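Accompanying notes for the structure given below.
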Amino acid sequence: MAEEGPPPEAAQPAMALVYPEDVVDKLKMLDYEQQFCKHLGLKPLHPIFLMSPSASPSEQFFTFTNLVSWLLSLNGQRFEPPDQFADPNATAVNVLDVLRAGGFPSDFPPNKIRTGFGDMVCVILDALLDSALQQKGIAFSPPVHEPVD
């Protein structure tokens with residue numbers, strides 16, 4: 001008899017809700033409100049911003065590319081963020097090239113990040129955040145469960 005349980009796809013919607021929360025929490029650990037948002041005159045991000053289209057797609061992509069630039073700088077790499085009116089197709093290709101050169105996730109088509117939201121955007125930000133946190137000496141370890149008597 002096959003093992004019962006929800007199919008792997010059933011975990012996807014739940015993960016889509018948790019992933020952007022993790023990204024925003026990690027951004028807060030790096031004091032991005034002061035170091036990033038205030039510098040660019042942006043409001044702190046809501047996790048929904050990372051997973052759904054906004055009223056201004058160019059602003060959403062601009063925010064994403066600036067986050068990538070800032071996180072790469074925390075990782076000792078340089079990526080000059082494009083201006084808000086740069087061609088999003090060319091910018092997406094450039095972002096993926098820089099990520100690939102740095103050993104970060106980049107094995108997907110540019111149209112997956114061109115919108116500035118979605119799973120691949122979260123994958124990229126999460127990888128950059130993990131590396132930046134590690135650079136700052138912040139590490140996560142699995143929980144230790146004490147045996148129950």
Side-chain angles (χ1 to χ4, degrees), residues 6 8-84 86-147:
E9 305 85 44
Q12 293 294 338
M15 201 57 198
L17 296 174
V18 173
Y19 212 26
E21 290 277 348
D22 288 348
V23 168
V24 171
D25 287 345
K26 290 176 185 180
L27 284 168
K28 289 178 182 178
M29 292 176 76
L30 292 171
D31 192 29
Y32 93 108
E33 290 104 338
Q34 292 296 314
Q35 304 298 321
F36 176 78
C37 294
K38 191 172 184 180
H39 175 71
L40 289 174
L42 299 172
K43 293 179 183 177
L45 299 179
H46 189 281
I48 298 298
F49 184 83
L50 298 171
M51 290 306 294
S52 61
S54 81
S56 175
S58 63
E59 180 183 331
Q60 195 164 22
F61 186 64
F62 176 74
T63 301
F64 166 68
T65 56
N66 274 274
L67 264 175
V68 168
S69 175
W70 179 66
L71 291 169
L72 282 168
S73 74
L74 295 179
N75 284 295
Q77 297 180 329
R78 185 158 169 79
F79 173 69
E80 195 63 39
D83 68 49
Q84 192 165 358
D87 175 29
N89 294 316
T91 301
V93 169
N94 292 340
V95 166
L96 291 175
D97 287 345
V98 170
L99 292 170
R100 191 173 298 111
F104 294 102
S106 58
D107 204 19
F108 36 83
N111 66 336
K112 294 288 187 183
I113 64 168
R114 185 177 54 215
T115 58
F117 72 89
D119 290 336
M120 292 304 110
V121 164
C122 286
V123 166
I124 289 168
L125 293 176
D126 192 55
L128 290 169
L129 283 160
D130 285 346
S131 181
L133 288 166
Q134 185 177 15
Q135 294 285 333
K136 298 238 181 225
I138 301 170
F140 300 99
S141 54
V144 177
H145 300 284
E146 297 295 326

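Computed from heavy atoms alone, side chains included, the values below leave out hydrogens, waters and symmetry copies. Quick caveat, the model's predicted, so the values are computed rather than measured.
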Can you find a heavy atom in the side chain of K38 that is under 4.5 Å from one in the side chain of E33?
no

Any side-chain heavy atom of L30 within less than 4.5 Å of one from K136?
yes

Q77 side chain reached by F104 side chain, heavy atoms, under 4.5 Å
yes

Distance check, rounded to the nearest 0.5 Å: Q60 atom CD versus T115 atom OG1?
6.5 Å

Measuring from atom CG of D119 to atom CD1 of I113, what distance do you get when rounded to the nearest 0.5 angstrom?
13.5 Å

I need the minimum non-hydrogen distance between T63 and F36, along with the two atoms involved.
O-CZ, 4.0 Å

Flag side-chain contact, heavy atom, 4.5 Å: L125 against F64:
yes

Can you give each donor-acceptor pair under 3.5 Å made by side-chain atoms of residues 137-145, sequence neighbours left out, with the distance rounded to 0.1 Å?
none

Distance col, row Q134:CD vs L74:CG, nearest 0.5 angstrom, shows 13.5 Å

Tell me whether D107 at atom CG has more than 12 heavy atoms from other residues, nucleotides or ligands lying less than 6.0 Å away.
no

Which value, rounded to the nearest 0.5 Å, describes the distance between H46 atom NE2 and E21 atom CD?
7.0 Å

Under the ring-ring contact (aromatic ring centres under 6.0 Å, His included) rule, collect the residues that match up with F117, sequence neighbours excluded.
none

Spatial distance of atom CG (D31) from atom SG (C37) [nearest 0.5 Å]
9.5 Å

Heavy-atom side-chain contact between W70 and L27 under 4.5 Å:
yes

Here the pair of heavy atoms bringing H39 nearest to Q35 is CB-O, 3.9 Å

Between F79 and T65, which heavy-atom pair has the shortest distance, and what is it?
CE2-O, 4.2 Å

In this structure, CD1 of I124 is separated from NZ of K112 (nearest 0.5 Å) by 12.0 Å

Smallest heavy-atom separation, P20 atom then P47 atom, equals CB-O, 3.4 Å

Got a list of side-chain donor-acceptor pairs under 3.5 Å for residues 86-100, not counting sequence neighbours?
from	atom 1	to	atom 2	distance (Å)
D87	OD1	N89	N	3.3
D87	OD2	A90	N	3.3
N89	OD1	R114	NE	3.4
N89	OD1	R114	NH1	2.6
T91	OG1	D87	O	2.9
N94	ND2	A90	O	3.4
D97	OD1	R100	NH1	3.0
R100	NH2	S106	O	3.3

Y32 side chain near L42 side chain, heavy-atom distance below 4.5 Å:
no

Can you check whether V23's main-chain N or O pairs, donor with acceptor, with D126's side chain at less than 3.5 Å?
no

Could you check L50 against V24 for side chain to side chain contact (heavy atoms under 4.5 Å, CB included), going step by step and ending with a plain yes or no?
CA-CA 9 Å; L50 298 171; V24 171; 4.1 Å; yes

